[in-house]
Number of protein chains: 2
Amino acid sequence: MAVMTISAPAGSRDLPHPACEEIRLEGVLHALSDPMRLRIVRELAAAGGGELSCSQFELPVTKSTTTHHFRVLRESGVIRQIYRGTAKMNCLRGDDLDGLFPGLLDALLAAADRQSRLA
Amino acid sequence: MAVMTISAPAGSRDLPHPACEEIRLEGVLHALSDPMRLRIVRELAAAGGGELSCSQFELPVTKSTTTHHFRVLRESGVIRQIYRGTAKMNCLRGDDLDGLFPGLLDALLAAADRQSRLA
DNA sequence: ACCGTACTACGACGGTTATCGTACAAGCCG
DNA sequence: CGGCTTGTACGATAACCGTCGTAGTACGGT
């Protein structure tokens, strides 16, 4: 333990996020191709860019699995996560994604909305 | 052998395609999250909706693997495949996808274009 | 009939993934 | 301090996926 990276000061609990230029379209699509993760992203979008803690999502899986999905979303560049006390807050990287792939996130969210409305 | 399904007349070699209402967004995203398949779809789009045979794609994988990827694309509803002689022709289901998820395919193709231009 | 081209089917192999359970750590609050 | 809430780490497991090779089918041309 106690091994820390350069950018992580002593007491911090910062999480690694990919820089914009490291975000790959394939990774984003893979992250969003899982029903549970797509659901998370939709709830996050419905929150209007606000922050939601992991525990506010009522997912039909265990906590370990939830942690896993949030990590996949973060590592693919879809969401940003920061600790706030004991809670871990999540928000969509809407601006970053829109800068990289203009219109894509909106199209994806619209597609997901439409599918959930008609199916 | 010689067992044939109801909808497949004797000499035909029709391939099963999902109906529009069976196409799932998650499936489309999963299909497109593989670099090889994304590449296929981009080439197909570049062909302007025309038909391309499987062998016209110069992919760095074996033929078996190519067959596999085309099947995933067909079964997820992204492409339509028909036999024409010994060749199997492929085309994007652009209209179907646009009817289901308006603007999504364009946004995805634009995103892939942009990524390949900048990376 | 034969051959060549185009594609498929099947089995195998190695890697990844989604899921769980248990045990643990970090922060808040009484 | 001690407990509560929140989330993590790790291992296990079963399923899935991308890839290959070999053997085979379907069609068209000579």
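In the text below, chain A, chain B and the rest are named by the order of the sequence lines, each starting its count at 1. Predicted model only: the values in this text are computed from it and were never measured.
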Check your understanding: Hey, is CG on A:Asp113 packed in by over 12 heavy atoms from elsewhere, all under 6.0 Å?
Key -> yes
**Study point:** Heavy atoms of other groups near A:Asp95 CG, more than 12 under 6.0 Å
**Key:** no
Students often get this wrong, so: under 4.0 angstrom with heavy atoms, is [X] touching a base, only sugar-phosphate, or nothing?
X	value
B:Thr67	base
A:Ser53	sugar-phosphate
A:Thr65	base

Distance, rounded to the nearest Å, where [X] contributes [atom1] and [N] contributes [atom2]:
X	N	atom1	atom2	value
B:Leu32	D:dG18	CG	P	12 Å
A:His68	D:dG11	NE2	C1'	15 Å
B:His69	C:dC7	NE2	P	16 Å
B:Phe70	C:dA6	CZ	P	14 Å
A:Arg39	C:dA18	CZ	P	16 Å
B:Lys63	C:dC7	NZ	P	8 Å
B:Asp34	D:dC17	CG	P	11 Å
B:Gln81	C:dA6	CD	P	16 Å

Revision key, fill the gap. DNA chain C nearest-nucleotide lookup for A:Ser33 and A:Arg84: closer to the 5′ end is A:Ser33
Point to revise | Any A:Ser55 side-chain N or O less than 4.0 Å from OP1/OP2 of D:dG7 | key: yes
Point to revise | A:Ser64 vs C:dC20: side-chain N/O to OP1/OP2 distance below 4.0 Å | key: no
Check your understanding: When you match A:Thr86 and A:Arg71 each to their closest nucleotide on DNA chain D, which lands nearer the 5' end?
Key -> A:Thr86
Check your understanding: Cut-off 3.5 Å, side chains only: do A:Glu26 and B:Gln115 have a donor facing an acceptor?
Key -> yes
Practice item. Go through the side-chain N and O atoms of A:Thr67 and A:Ser64 and say whether any donor and acceptor fall under 3.5 Å apart. Key: no
Exercise for review: Tell me whether A:Leu44 is reachable from A:Leu97 by hopping between hydrophobic residues (I, L, V, M, F, W, Y) whose side-chain heavy atoms are closer than 4.5 Å.
Suggested key: yes
